[in-house]
Amino acid sequence: MRIAVCVKHVPEGPSRIDPSTKRLDRAGEGALNHFDANAVEEALRLKGDSDSEVVAVSLGPEKALDSLRKALAMGADRVVLVSDDAAAGSDLVATSRLLAAALERQEADLVLFGQQAADADGAVLWAAVAERLGRPVISQAMELAVDGESVRVKRQTEFGYDTIEASLPAVVAVSDAINEPRYPSLKGIMGAKKKPQDVLTLADLGLDGAEAGEAGSGTTVLALGEPPSRGDARKIEGDSNAAQAIVDFLAEKRLL
Amino acid sequence: MRFLVFAEHHEDGIVKNALGVLGKAAALGDADAVIVGAGADLAAQLGRHGAKAVYVAAGDDALSTPLPQPRVDVLAQLAPDYDAVLFGQSVLAADVAGGLAARLDAGLNWDLVDLELQGDELVGKRPALQDSVYVDVGWTSSPRLALFRSGSFDPQESGGEAETHEVSVELRDFSTRTKMLEQAHAEAEGKSIEDADVIVAGGRGLGSPDNFTLAEELAKALGGAVGATRAVVDAGWYPYSAQIGQTGKTVSPKLYVALGISGAIQHKVGMQGSGTIVAINKDANAPIFEFSDLGVVGDVHEIVPKLTELVQARRS
Ligand SMILES: Cc1cc2nc3c(=O)[nH]c(=O)nc-3n(C[C@H](O)[C@H](O)[C@H](O)COP(=O)(O)OP(=O)(O)OC[C@H]3O[C@@H](n4cnc5c(N)ncnc54)[C@H](O)[C@@H]3O)c2cc1C
Ligand SMILES: Nc1ncnc2c1ncn2[C@@H]1O[C@H](COP(=O)(O)O)[C@@H](O)[C@H]1O
């Protein structure tokens, strides 16, 4: 079995939107989207000791290779990064097009996604990618089992718990409660360097610039503004006086 | 402007988020709605909430369970006649909207909290980056697709009547390869937290199921109830009945104390109406601090036992 896992490289720490491009400022440090570590872990769990292959796939700047290497260090077998200047600023429509083109070539039996991208909070990309691949999709998986031809998922919705089955090949997005991602071992980190790391351009995927980036997108950011103020929000640091400070605050608000 | 609203239903009614979005659409232009997998008896409810026409697709068995891909097939038939297709946030609606965006190559803006007509352009309002910035968003393709954050609009009854049209649909092969084996069973009932004046909610930062006693003891001292995030409920640390957020309960106590909770938007939508919000989290960049009245950067294991003692002392 081959399992592809879609992972995103997201900015670390507080992020900002660049007022000139109206895009997320991706210049600073980045890291593997922590929700995607659950998807990598689940792929590795399904692989177990078998000869299944786990391939991590990402769309992003060159620096996204750092996050892909973390997936390798955790135990993924190889990685594919789609990286091209013309792809910057891709929205859901464009991102799903590029990722689907890259996934198409992997011929994976199962494509896994994380719960959401910490910088975009969309929690929708899998549905768009599944549509482009023409495959069944199940989202929010908190339990997942593969048996030969199908995948079975338990997941939570607004109304309770569902159990859903789909035939393979399929697309599944996992929730952050599905497992506890492992930390890469030293051996894993050393071994990562030797594993295959493919970087593909749009041309490599047979796509042209008009299908990617802003040109290939269907949405646009018009203006940036401040959020409504929360009034006198306060923040304190440190453990030693914190409990007393909270009690004082509650007393002042007449909540005690 | 012509709007089509995805009228999600559960049991014998249209869900509240969808009705709220329908009301907004009807206020901005002509609003129609589409129901998939249920009967025309729900059309009257949609008419009262502002729908002019209601499309009902119910013929095929594959439409009867709430799975997204057959719904994409239905919406893809109707959507090209509209300027915009609107969805209220839900697990199902997000998957339908994402699939439709790819099918039609039509831009989708999500997590909107409002929609405006500026001249004859539609502009969506969206809090982004953990709600630290508000963004105006638009569309460069048609139909414009929009997914609204839970609770953005209250349903409005305008008392109209809708005409209903049946639609028949051709399902894609892959749309029928997913099967609902068991649907919407609730797990582990417990005491309702919706009426509590004080809620102490615990997240993964508590570290283990046993540490929920920290939340329970503080809640007891404050005379309140215990809430939880989805992450800990799905991990089996606490019952589903205590879950707060998009797929759990919506609460608005006078005081909400968040222990080891990151403050994801799906959690926020269930508790942002609280009077006063106090958060303890060891990560100074945690999103929860963007909407807390008092944010405490620190370790719950250090702070909470002391806090509980101080509260008990004050109250006795
Ligand atoms: C469709 C959908 C629906 C969802 N519905 C819901 C819902 O209804 N309710 C809900 O809650 N979530 C929901 N979620 C999940 C949501 O996005 C988050 O994943 C979830 O809320 C995270 O839970 P958490 O804050 O407990 O865990 P985490 O995000 O893991 O946060 C734990 C926090 O604890 C802090 N921490 C760790 N150790 C300590 C310590 N010792 N002291 C202090 N702080 C510490 C960490 O800094 C971190 O910020 C939904 C997601 C999706 C996609
Ligand atoms: N640029 C990207 N490259 C690869 N996978 C991605 C990318 N963006 C998002 N994903 C995947 O899609 C999931 C949901 O992202 P989103 O819908 O953007 O919140 C993430 O958890 C990842 O698994």
Side-chain angles (χ1 to χ4, degrees), chain A residues 13-15 17 91-93 96 121-128 130-132 134-140 142 156-167 175-177 217-227 230 233-239 242-244 246-247 249 253 255-256, chain B residues 10 68 90-91 94-95 97-99 101-103 105-111 123 127 129 131 133-141 174 177-187 231 234-235 247 255 265 276 278 285 289 291-299 302-303 306-307 310-311 314:
Chain A
S15 29
I17 294 178
D91 75 348
L92 172 78
V93 164
S96 60
D121 282 332
V124 284
L125 185 59
W126 49 78
E131 165 68 31
R132 294 200 191 275
R135 293 186 180 187
V137 64
I138 313 178
S139 62
Q140 316 303 332
M142 56 178 280
Q156 194 194 101
T157 72
E158 289 76 13
F159 313 112
Y161 290 86
D162 292 341
T163 308
I164 303 174
E165 191 175 77
S167 61
S175 97
D176 61 348
S217 293
T219 56
T220 179
V221 173
L222 302 167
L224 300 179
E226 292 290 320
R230 284 233 8 135
R234 272 182 253 172
K235 201 156 157 188
I236 53 175
E237 310 220 0
D239 293 337
Q244 188 60 51
I246 297 170
V247 169
F249 174 83
K253 295 269 172 191
L255 290 162
L256 267 185
Chain B
H10 180 64
S90 75
V91 168
D95 287 352
R103 174 81 59 94
D105 278 322
L108 168 66
N109 280 306
W110 58 79
D111 212 21
V123 176
L129 299 180
D131 297 3
V133 41
Y134 266 54
V135 183
D136 282 359
V137 293
W139 290 262
T140 55
S141 56
F174 62 86
R177 291 210 206 118
T178 312
K179 244 191 357 226
M180 182 74 74
L181 301 178
E182 185 173 26
Q183 190 194 329
H185 64 284
E187 282 187 354
D234 278 355
T247 51
L255 172 63
I265 45 165
T276 299
V278 176
N285 294 322
F289 292 132
F291 49 94
S292 298
D293 300 284
L294 179 66
V296 181
V297 183
D299 189 330
E302 298 292 327
I303 299 171
K306 250 186 259 171
L307 176 59
L310 290 175
V311 171
R314 225 190 136 91

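All chains are named by letter (A, B, ...) in the order of the sequence lines, taking the proteins before the strands, and each is independently numbered beginning at 1.
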Worksheet entry | Greatest number of heavy atom pairs closer than 4.5 Å to chain A - which of B:Ala184, B:Ala235, B:Gly298, B:Ala231 | B:Ala184

Worksheet item: According to the interplanar angle, ranging from 0 to 90°, do the rings of A:Phe159 and B:His10 count as parallel (below 30°), tilted (30 to 60°) or perpendicular (above 60°)?
Response: parallel

Practice prompt. Let me know if B:Arg177 has heavy atoms under 4.5 Å from chain A in its side chain, its backbone, both or neither.
Written response: both

Discussion item. If you apply the rule side chain to side chain contact (heavy atoms under 4.5 Å, CB included), what do you find for B:Val311 with A:Val247, and how did you get there?
Written reply: CA-CA 7 Å; B:Val311 171; A:Val247 169; 4.3 Å; yes

Worksheet entry | Options B:Met180, B:Lys306, B:Glu302, B:Gln183, ranked by heavy-atom pairs under 4.5 Å with chain A, top entry | B:Met180

Practice prompt. Between chain B and each of A:Gln156, A:Arg234, A:Arg132, A:Lys235, count heavy-atom pairs under 4.5 Å; write down the option with the most.
Written response: A:Gln156

Worksheet item: Donor-acceptor pair, A:Glu131 side chain versus B:Gly98 backbone, under 3.5 Å?
Response: no

Practice prompt. State the CG-CG distance between B:Asp111 and A:Asp121, to the nearest 0.5 angstrom.
Written response: 6.5 Å

Fill in: Residue A:Ile138 versus chain B: region with a heavy atom under 4.5 Å
side chain

Worksheet entry | Option in B:Leu307, B:Ile265, B:Thr140, B:Val123 with maximal non-hydrogen atom pairs under 4.5 Å from chain A | B:Thr140

Discussion item. Is B:Trp110 close to chain A through its backbone or its side chain, or both, or neither, when contacts mean heavy atoms under 4.5 Å?
Written reply: side chain

Fill in: Which of A:Val137, A:Leu125, A:Leu224 touches chain B most, by non-hydrogen pairs under 4.5 Å
A:Val137

Practice prompt. Using non-hydrogen atoms and a 4.5 Å limit, figure out which bit of A:Ser217 sits close to chain B: side chain, backbone, both or neither.
Written response: backbone

Discussion item. As a quick check of understanding, evaluate side chain to side chain contact (heavy atoms under 4.5 Å, CB included) for B:Ser141 and A:Val93, giving each step before the final call.
Written reply: CA-CA 10 Å; B:Ser141 56; A:Val93 164; over 6 Å; no

Practice prompt. I would like to know whether A:Arg135 and B:Phe174 meet side chain to side chain contact (heavy atoms under 4.5 Å, CB included); could you show each step before the answer?
Written response: CA-CA 5 Å; A:Arg135 293 186 180 187; B:Phe174 62 86; 5.6 Å; no

Worksheet, complete the sentence: Of B:Leu294, B:Val137, B:Val133, the largest count of non-hydrogen pairs under 4.5 angstrom with chain A goes to B:Leu294

Worksheet item: For B:Val91 and A:Asp162, what are the C-alpha separation, side-chain angles and deciding distance, and is it a side chain to side chain contact (heavy atoms under 4.5 Å, CB included)?
Response: CA-CA 11 Å; B:Val91 168; A:Asp162 292 341; over 6 Å; no

Worksheet entry | Most chain B-contacting option - heavy-atom pairs closer than 4.5 Å, from A:Gly238, A:Ala177, A:Ser175, A:Gly134 | A:Gly134

Worksheet entry | Residue pair B:Ser90, A:Glu158: steps toward the side-chain hydrogen bond (donor to acceptor under 3.5 Å, both in side chains) verdict | CA-CA 7 Å; B:Ser90 75; A:Glu158 289 76 13; 4.6 Å; no

